[in-house]
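Below you'll find the structure, written out as structure tokens, and then a few comments.
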Amino acid sequence: MQYNFKDIEKKWQNIWEERKTFKAEIDRKKKKFYCLEMFPYPSGRIHMGHVRNYSIGDVITRFKMMNGYNVIHPMGWDSLGLPAENAAIKNKSNPKDWTSNNIKFMKSQLKKMGFGYDWDREIATCMPEYLKWNQYIFTKMYEKGLVYRKKSEVNWCPSCKTVLANEQVINGRCWRCESEVGLRDLDQWFLKITDYADELLNSHKELEKWPQKVIAMQKNWIGKSEGAEVEFKVYGTDLKINIFTTRLDTIFGSTFFAISIKHPFVKELIEDSPQKDKIKEFIKEVDRDSKTDLDGNEKKGIFTGKYAINTFNGEKIPIWLANFILMEYGTGAIMSVPAHDERDFEFAKKYNIPIKRVIVEDKSKSYSEDVDDVFTGKGYLINSGSYSNLSSEEAIRKMGGFLRENNLGDLKTIFRLRDWGVSRQRYWGTPIPMVYCDKCGIVPEFLENLPVELPLDIDFTPKGGSPLEKSKEFINTKCPKCGGPAKRETDTMDTFFDSSWYFFRYASLSHNKPFDNDEIKYWMPVDLYIGGVEHAILHLIYSRFFAKVFRDFGWTDLSEPFPHLLTQGMVTLEGSAMSKSKGNIVDPDELINKYGADTVRLFILFASPPEKGLEWNEKGVEGVNRFLNRIWNLFHDNMNILIENKKFDMEKEETKPIFIKLNQTIKKVTEDIEVRFHLNTAIAALMEFFNDFSVSFNKINSNNPGAVRYIFEVLLKLLGPYAPHFCNELWGKLGYNSILEHEKWPDFNPEFIFEEKVNIMVQINGKIRDKIRVNINEEELRVKEMAFMSERVKKYIQEKQVIKMIFIKNKMLSMVVK
RNA sequence: GCCGGAGUGGCGGAAUUGGCAGACGCAUCAGACUCAAAAUCUGACGAGAAAUUGCUCUCGUGAGGGUUCAACUCCCUCCUCCGGCACCA
């Protein structure tokens with residue numbers, strides 16, 4: 001029989017809502033637990049990734065509630081962003097309406113899954129209140145010097161005359177008109193996240209409960225490298241070019257100098273070269289390559305005609321333009337040491353540049369003048385003037401000192417991480433609250449004028465520029481300082497800005513500031529943050545950065561917002577992520593309608609442990625549904641026994657095994673949730689227990705009938721977080737008015753964890769030859785006696801000598817015979 | 001190239017501290033119920049060998065080696081796959 005999940009699930013969803021079961025209020029007598037899942041972008045419908053993510057969070061939430069925690073479990077919407085704008089262009093509608101319709105629908109889907117959220121704390125990042133504090137944070141950052149303006153390139157469609165987001169550029173072409181996309185230099189806003197690069201890296205140490213993988217990814221992304229910056233003079237000119245190197249110790253081996261084609265001094269270097277036209281042609285070529293030939297690994301270069309003077313030995317070395325030097329990293333110029341760097345070696349071979357060995361692995365060995373292989377390791381210096389014979393490390397230290405003393409450079413640490421460009425030339429984002437006044441210059445909008453809201457009467461059909469640029473009422477404003485006429489910034493913020501602090505706002509929906517520190521002190525940090533591993537880098541670095549900035553503002557005492565992170569793997573179909581554009585979406589609604597939310601929740605959690613990727617396969621859904629039905633049927637077939645509520649005896653011989661199994665299951669399920677988050681094995685343990693229970697049901701019923709009800713009660717509590725509607729319904733049928741979430745999570749009885757008899761394996765020469773059943777904690781001597789009496793053991797040890805015996809209590813007896 | 005992670009039956013996965021490999025579920029097969037099917041229930045289910053039924057043995061966790069009484073688990077070498085970063089100076 002299939003239980004009627006439709007009525008039951010609706011009923012309990014209403015009860016949770018009416019009783020405000022998941023409302024979170026500060027109660028300083030209780031320990032809090034902040035359970036957070038990454039909020040969704042309201043794209044229209046929830047997908048399997050959401051179902052998985054929120055099912056995990058919901059199990060933890062209910063589990064923690066039953067363990068006496070004051071749980072906050074909020075939900076909201078990352079509701080600004082490009083898809084809304086694209087949809088608006090397509091449907092000639094408004095992003096706001098599109099978004100709020102989607103939110104409405106998705107919220108109903110989440111409710112249908114039975115997820116327990118405190119909807120009173122719901123946030124949508126597009127709401128005026130959120131815009132206001134988002135903008136306020138931006139102006140604060142500006143005041144503190146964490147925001148600046150810089151020219152930066154954007155994608156530009158020449159036919160639509162508009163800036164394109166990266167997502168709108170498909171294979172180098174515009175997503176709408178397919179014309180080739182170019183680049184444009186625009187003034188844009190940046191956040192100085194690099195000021196925090198070192199701290200973001202160092203405080204990884206505090207994140208003990210983060211997956212190693214995520215930390216490794218972030219470290220990679222921040223990309224710290226320690227080296228030195230050295231000034232080189234250009235021979236015969238006043239030019240000085242700085243280079244960055246991690247191998248200052250190799251500087252005596254530098255035989256050429258290479259700079260990026262984008263280096264600001266290129267123009268001056270080639271000004272009077274007879275080869276000027278050829279060089280310009282080369283620059284164009286490399287520029288083209290960099291756009292088309294993504295992994296173009298052939299090294300190319302051209303001699304500029306100028307020479308640099310090696311700061312350490314005065315040698316003149318030729319300056320080349322080379323395609324493998326990036327302006328974005330270091331200083332855009334390098335000293336090249338072909339003997340000790342793979343790329344420099346390849347380049348030198350190609351262009352017949354001398355190669356000079358200056359580092360050797362072994363001081364006592366002699367090396368030939370010819371260098372036919374690259375040695376990139378550290379070692380000892382040779383051919384390096386007064387630095388010869390020093391180790392690489394010593395040399396770097398001394399050379400660094402020399403640079404500092406002579407004002408020619410210094411040891412320096414650089415990062416791959418670059419400042420965060422937050423400007424977007426789009427409509428559906430938080431307007432950057434800056435005003436351009438002819439008299440006062442750039443003025444951040446005052447708090448009392450916030451939020452700067454988006455104008456609604458906007459034509460979204462792309463005609464050139466950002467939609468905001470065309471709104472006269474938006475652009476024209478008063479200067480907050482002098483009151484004179486001024487113009488508004490038309491760029492909006494990267495939506496990652498919005499999502500970098502929403503979890504503070506959930507915890508404190510304060511009306512006169514972004515959040516209130518008293519409330520933050522109670523609720524924050526987030527005790528468990530659950531989300532897709534695809535956010536391992538950007539979102540999780542930005543959020544950590546924001547927390548540190550807030551701390552430095554004096555707004556909180558918190559340095560890390562998420563001490564415990566659980567990253568779930570992606571749900572894939574045929575090996576690739578489900579996405580609308582690929583058309584491989586599995587819609588959870590169909591499954592919910594067919595099997596009910598409880599089955600869907602159980603199913604997605606049972607399929608694999610959360611952190612692993614999950615290849616979608618619907619086959620197993622029948623299995624978990626069967627499990628629920630079997631419980632339902634056993635329960636209802638025995639209602640008469642269950643409502644009698646008789647006394648029972650735990651110690652009774654006939655039923656002791658099921659109590660032991662029950663207590664073992666409590667222990668296992670508790671630890672699986674709490675310690676490992678392996679919800680799949682917790683469910684498996686519950687199934688295993690129920691199998692035992694049904695097999696021995698008649699025996700229990702006839703020997704110890706009162707136990708049936710007790711066992712069902714415990715089972716419902718343990719299964720409750722996974723299948724909350726189902727379990728609450730049965731709980732009610734036992735005559736309780738309470739809801740399971742307010743019941744206490746069962747404790748296991750340590751006296752019922754161990755069985756009275758255990759199997760001891762008898763191993764002879766590494767192979768298991770017998771199992772003997774003995775009382776728990778049986779003495780070594782007695783086990784040995786029994787083992788020697790076993791016929792099967794005798795077979796293997798007769799006429800042989802036992803030379804070694806190892807006894808592990810309750811587990812095994814291992815013998816070595818000869 | 002560098003940095004992570006993984007590799008176990010037909011499939012998803014389990015084995016938490018080095019101690020019974022394959023829990024739990026799916027699929028499959030057989031049986032019961034049924035006129036029949038579905039549903040449900042019962043049983044079998046890593047590979048191979050032997051056997052009269054039960055009691056049996058050998059091999060087996062990507063490959064090869066090692067440590068150990070004992071290895072999916074620890075060490076070394078290698079292969080494959082996935083993820084991140086990448087002419088990073």
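Every chain is numbered from 1 and lettered A, B, ... according to where its sequence line falls, protein lines coming before strand lines. In this text the structure is predicted, and so the values were computed from the model without any measurement. Values below: every heavy atom of this structure, side chains too, minus hydrogens, waters and symmetry copies.
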Base partner of [N], which must satisfy Watson-Crick or wobble distances under 3.5 Å:
{"N": "B:A21", "answer": "none"}
{"N": "B:C59", "answer": "B:G46"}
{"N": "B:G9", "answer": "none"}
{"N": "B:G83", "answer": "B:C3"}
{"N": "B:A39", "answer": "none"}
{"N": "B:U16", "answer": "none"}
{"N": "B:U73", "answer": "none"}
{"N": "B:C88", "answer": "none"}

Rounded to whole Å, how long is the line connecting atom [atom1] of [X] with atom [atom2] of [N]?
{"X": "A:E671", "N": "B:A14", "atom1": "CD", "atom2": "P", "value": "17 Å"}
{"X": "A:K412", "N": "B:C88", "atom1": "NZ", "atom2": "C1'", "value": "14 Å"}
{"X": "A:N323", "N": "B:C88", "atom1": "CG", "atom2": "P", "value": "12 Å"}
{"X": "A:F324", "N": "B:A86", "atom1": "CZ", "atom2": "C1'", "value": "15 Å"}
{"X": "A:E622", "N": "B:A38", "atom1": "CD", "atom2": "C1'", "value": "12 Å"}

[M] and [N], which share atom name [atom1], separated by this distance in whole Å:
{"N": "B:C45", "M": "B:A37", "atom1": "P", "result": "25 Å"}
{"N": "B:C20", "M": "B:C72", "atom1": "C1'", "result": "14 Å"}
{"N": "B:G62", "M": "B:C11", "atom1": "P", "result": "13 Å"}
{"N": "B:U80", "M": "B:G25", "atom1": "P", "result": "38 Å"}
{"N": "B:U58", "M": "B:G1", "atom1": "P", "result": "44 Å"}
{"N": "B:G12", "M": "B:C78", "atom1": "P", "result": "28 Å"}
{"N": "B:A14", "M": "B:G9", "atom1": "P", "result": "14 Å"}
{"N": "B:U73", "M": "B:G65", "atom1": "P", "result": "14 Å"}

Counting only heavy atoms not in A:K219 (residues, nucleotides, ligands), do more than 12 fall under 6.0 Å from its NZ?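 12 or below, so no.
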Verify, without hydrogens or angle tests, whether A:H263 (side chain) and A:F265 (backbone) share a donor-acceptor contact under 3.5 angstrom.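 Here the side-chain-to-backbone pair exists.
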Side chain of A:E688 - closest among B:A23, B:C69, B:G19: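 Side chain of A:E688 sits closest to B:A23.
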Between the side-chain atoms of A:E342 and the base atoms of B:G1, is any donor-acceptor pair under 3.5 Å?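 Answer no: no donor N or O sits under 3.5 Å from an acceptor.
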Is there a donor N/O on one and an acceptor N/O on the other, under 3.5 Å, for the side chain of A:K804 and the base of B:C69?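 Absent.
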Does a side-chain N or O from [X] land closer than 4.0 Å to OP1 or OP2 of [N], or not?
{"X": "A:K619", "N": "B:U28", "result": "no"}
{"X": "A:R792", "N": "B:U56", "result": "yes"}
{"X": "A:R626", "N": "B:C26", "result": "yes"}
{"X": "A:R676", "N": "B:A14", "result": "no"}

Just confirming the chi classification of B:G4, syn or anti, using 90° around 0 as the syn window.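 That one's anti.
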Could you tell me whether A:E611 and A:R676 make a salt bridge, using a distance below 4.0 angstrom between a side-chain N and a carboxylate O?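 No salt bridge links A:E611 with A:R676.
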Going through the checks in order, is the salt bridge (Lys or Arg N to Asp or Glu O under 4.0 Å) test met by A:E315 and A:K356? CA-CA 13 Å; A:E315 276 175 24; A:K356 184 178 160 199; 3.5 Å; yes
Would you kindly check if the NZ (Lys) or CZ (Arg) of A:R769 is within the cone defined by 45 degrees around the ring axis of A:Y796 and under 6.0 Å from the six-membered ring centre?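 Verdict for A:Y796: a cation-pi partner in A:R769.
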Derivation of the salt bridge (Lys or Arg N to Asp or Glu O under 4.0 Å) call for A:K300 and A:E285: CA-CA 10 Å; A:K300 279 188 223 173; A:E285 193 188 314; 2.9 Å; yes
